[in-house]
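In what follows, a single structure is set out as structure tokens and then discussed.
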4 protein chains.
Amino acid sequence: MPKQTFLNLAEEKRQRIIEVALEEFASHPYSKASLSNIVARAGIAKGSMYQYFHDKKDLYIYLLDLAAKEKLAYIQKGVDPYANFFTLLEQIILAGIRFNLENPRLGQVVANAMEYKGEEVLQEFFERGKEMSLQFFEGMLQQARDRGTIRKDLDSRLLAYVLLGILGSGLSEYLLDTMGISRREFLTNTALGEKFSEEDLGRVTSKVIHLLRNGMEAKE
Amino acid sequence: MPKQTFLNLAEEKRQRIIEVALEEFASHPYSKASLSNIVARAGIAKGSMYQYFHDKKDLYIYLLDLAAKEKLAYIQKGVDPYANFFTLLEQIILAGIRFNLENPRLGQVVANAMEYKGEEVLQEFFERGKEMSLQFFEGMLQQARDRGTIRKDLDSRLLAYVLLGILGSGLSEYLLDTMGISRREFLTNTALGEKFSEEDLGRVTSKVIHLLRNGMEAKE
Amino acid sequence: MPKQTFLNLAEEKRQRIIEVALEEFASHPYSKASLSNIVARAGIAKGSMYQYFHDKKDLYIYLLDLAAKEKLAYIQKGVDPYANFFTLLEQIILAGIRFNLENPRLGQVVANAMEYKGEEVLQEFFERGKEMSLQFFEGMLQQARDRGTIRKDLDSRLLAYVLLGILGSGLSEYLLDTMGISRREFLTNTALGEKFSEEDLGRVTSKVIHLLRNGMEAKE
Amino acid sequence: MPKQTFLNLAEEKRQRIIEVALEEFASHPYSKASLSNIVARAGIAKGSMYQYFHDKKDLYIYLLDLAAKEKLAYIQKGVDPYANFFTLLEQIILAGIRFNLENPRLGQVVANAMEYKGEEVLQEFFERGKEMSLQFFEGMLQQARDRGTIRKDLDSRLLAYVLLGILGSGLSEYLLDTMGISRREFLTNTALGEKFSEEDLGRVTSKVIHLLRNGMEAKE
DNA sequence: GATGAATGAGATTTCATTCAT
DNA sequence: AATGAATGAAATCTCATTCAT
């Protein structure tokens, strides 16, 4: 939890710090991310960082929380909760991808967290986050099953893992790949997200949904 | 590439070093993995490590390569290349999971590498590995499409991403989860893999294959 | 010397600051005592502290001076200056111990100062304080010698050192020890001093006086 | 406990490090003593210190232990354990003073430790040391009482505190004082100890013993 | 007079890598 | 070929003090 000091900061300065810190944490694993780097690029004194946050971990968790909340809000905004399951899933996937493209750093920080292994201090924290995501999907799947939208024999827990794997970051990467944009460029140059048209995103998403809905097998 | 010195080492010593190093890299992100730890536990001098490998990165890449090759060999051994697509895919998935459970450290090192972002020194290397995996799946999918096993309108590249996401490590994690085994225990205690019966693995795999083949939608 | 600002403060606020600061300096060596801690616990702004005192040293010396003065006043109050030497000494020892038990923090700050070595900035200050104490005892001893109360061949300066060593804090510690009270508890919980009865104190004091008067040797 | 590395060091280098470190710890309280200072003055790399000792505390405890052992050995060497109580005590006091004068830094480190208050990490360690000293004196006193050398009504525990207070460092300070040598000079300039003649030391010691034996009171 | 954000020097500690033996 | 001591850059973090509001 950041200290009050940070929250009192002028909007502009606070944003600058967040921006720079996100960039650092998006492009380095937690233990390699350097506070010295961040303060240097944000143009503040090293000690100031400790007026704002208790320690490195505090800063990281703040950013992660921020990113997760923003991504969640973004998705909720783009979704009709009363739509049927596949429409809802399509909207979620679409919003997820779009968020990642429009907010490369935020998206990357969340994605990194999902896959974080072996950073002992943070493990517990990550596991909680992962469990929450899993349960969200599991709930959705249960409901769809109850309503007869999806087959009764599907294992919701397993499916939740599968969906998480697919959404992880694979799809955004696919898009970057097909546009020939490297991850480094993407994280550095904020404006690249605009290169992707609504149609591109829609096409990819509907392909995925079609796969999930009907499977791969060619029927006669 | 390890130096000749390392290859000349007595089998037993070489194995010990590999074993210890794998344990370290499986349970810590690259930048947190400590050479000091490794040499201490392997009972060799720190300088010796530099007689064997050029630097930390060299050692890591060697292990990664080793792990990838072993996993690949394991999968190839368990697979009938002339089987039809879905059978083949099922065998691949099954072998992949089984390998991860039987070789926790090797499996983990490969899995970590797949998801590693932001470690500049290694990025290029990882991208090459990922590209290889993608192309492998892409080739398989193309062939299946040509043979009419899967629908013509599927985008093989995108599907390759999806398959990679699913196989990543999600399924092994699902299994560990349902057995209530923490990742830490799993990496430390080598014998845990035996807890999983062939039936368990078969059931999970066939569920996934069924999903990929037929999709989720309930057909009347 | 505190600034006028501090002296203008509302009595209550001033007392609170003093209390908190004493607690900090009693339980940490000078260099580890933290102004940040003090202001946080006193509920004032850090800048305010610098309106009241020139710097950390200034604050410390103020407290030390205060503690010394209070202890001295307490002792003077409990002493009959016209009593004969051993009675006087007994009263001094008794009052000294009692003060320490009734005012743990003040007593501790004074005791710390007596033993403080190696804090360059403060050395000169401490030496002055020590010299004053020594001269006080030296004077007393000279007078007693002149009056024939104590032996003529005693070296008053040396004896002053010896008395200082004994009074330092050894006796209070002996009492705490025999009651099984740790120094930490003692400094935190203000009320512990009441655990000691007048008789306990009297017994200890008279033992010490008896020793100083007659020595240890068994006479037939 | 220092690492093996330190013990393997060339005698000369090891001594230099010890010497410099002692100087630092003798003239600064633990938390102010600076490793950076030590390595700079010892002419070694900062990292090397951590090849020798686990951390600052480890180094300090090593020095303290060293100092205590040397002082103890020195005293034991100068003492006839079969002498009667007062002779023995005289020899102990004399050896203690002489040690402090001949080894200013060692003596100071031990003396500081005796009085250390509030350095939480080390508190337990110090208390153990103090308790050992107390018990040593207590044992001596008990024995003397049993043998009828000292009065039966003396409280050995209390007397142990008193003796510790007297020996603390008071007597060496008295001597430095009478020679007009400041503590700073004394710690810096190793050669000063030679200024004190055997007679000076003997005279002081015998005065103290006389006091302890016969008390201060003038008997008609 | 009060505030509390800003500062930056300096502290301890880690670790990959080098190199003399 | 093996050793392991030496290195030093870089990391995180603390804290007395300053100063603009």
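All chains are named by letter (A, B, ...) in the order of the sequence lines, taking the proteins before the strands, and each is independently numbered beginning at 1.
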Quick one: [X] [atom1] to [N] [atom2], roughly how many Å, whole number?
| X | N | atom1 | atom2 | answer |
| --- | --- | --- | --- | --- |
| A:Arg14 | E:dA5 | CZ | P | 13 Å |
| D:Glu12 | F:dA5 | CD | C1' | 16 Å |
| D:Leu59 | E:dT13 | CG | C1' | 14 Å |
| D:Phe53 | F:dA6 | CZ | C1' | 16 Å |
| C:Lys13 | E:dG1 | NZ | P | 12 Å |
| A:Lys3 | F:dC15 | NZ | P | 11 Å |
| B:Asp55 | E:dC15 | CG | C1' | 14 Å |
| A:Leu7 | E:dG4 | CG | P | 14 Å |

Note to self: Any carboxylate oxygen within less than 4.0 angstrom of a Lys/Arg side-chain nitrogen, looking at C:Lys130 and C:Glu127?
What the structure shows: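 No, C:Lys130 and C:Glu127 are not salt-bridged.
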
Item checked: Side-chain ion pair, B:Glu19 and B:Arg16, N-O less than 4.0 Å ->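 Not counted as a salt bridge, because no side-chain N and carboxylate O are separated by less than 4.0 Å.
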
Between [N] and [X], is there an OP1 or OP2 to side-chain N/O distance shorter than 4.0 Å?
| X | N | value |
| --- | --- | --- |
| A:Tyr50 | E:dA5 | no |
| D:Lys32 | F:dC15 | no |
| D:Ser36 | E:dA11 | yes |
| A:Ser48 | E:dA5 | no |

Remember a base hit wins even if backbone is also touched, and classify [X] as base, sugar-phosphate or nothing at under 4.0 Å, heavy atoms.
| X | result |
| --- | --- |
| C:Ala33 | sugar-phosphate |
| A:Lys57 | nothing |
| C:Ile44 | nothing |
| C:Asn8 | nothing |
| B:Thr5 | sugar-phosphate |
| C:Tyr52 | sugar-phosphate |
| D:Ser34 | sugar-phosphate |

Check: So D:Tyr60 and D:Phe25, would you call those rings parallel, tilted or perpendicular, with 30° and 60° as cut-offs?
Finding: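 It falls in the tilted class, 30° to 60°.
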
Next item on the list: Check the angle between the aromatic planes of A:Tyr52 and A:Phe6 and answer parallel, tilted or perpendicular using the 30° and 60° thresholds.
Entry: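 Correct class here is tilted.
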
Next item on the list: Find which nucleotide of DNA chain F each of C:Lys56 and D:Met49 is nearest to by heavy atoms, and output the residue with the more 5' nucleotide.
Entry: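 By nearest-heavy-atom nucleotide position, the 5'-most residue is D:Met49.
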
Next item on the list: Hey, which sits more toward the 5' end of DNA chain F by its nearest nucleotide, C:Gln51 or B:Lys46?
Entry: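 Checking each residue's closest nucleotide, the 5'-ward one belongs to B:Lys46.
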
Check: Is D:Lys69 atom NZ crowded by more than 12 heavy atoms from other residues, nucleotides or ligands, each under 6.0 Å away?
Finding: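 No, not enclosed.
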
Next item on the list: Find which nucleotide of DNA chain E each of D:Leu35 and B:Leu35 is nearest to by heavy atoms, and output the residue with the more 5' nucleotide.
Entry: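 Counting from the 5' end, the first nearest nucleotide belongs to D:Leu35.
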
Next item on the list: Using the closest heavy atom to pick a nucleotide of DNA chain E for each, name whichever of B:His54 or C:Gly47 lands nearer the 5' end.
Entry: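 This one resolves to C:Gly47.
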
Next item on the list: Go ahead and name the base partner of F:dA1; Watson-Crick or wobble counts if both distances stay under 3.5 Å, otherwise write none.
Entry: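 No nucleotide pairs with F:dA1.
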
Next item on the list: Measure the spacing between NZ of A:Lys46 and CD1 of A:Ile38 and express it to the nearest 0.5 Å.
Entry: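 Nearest 0.5 Å value for the NZ-CD1 distance: 12.0 Å.
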
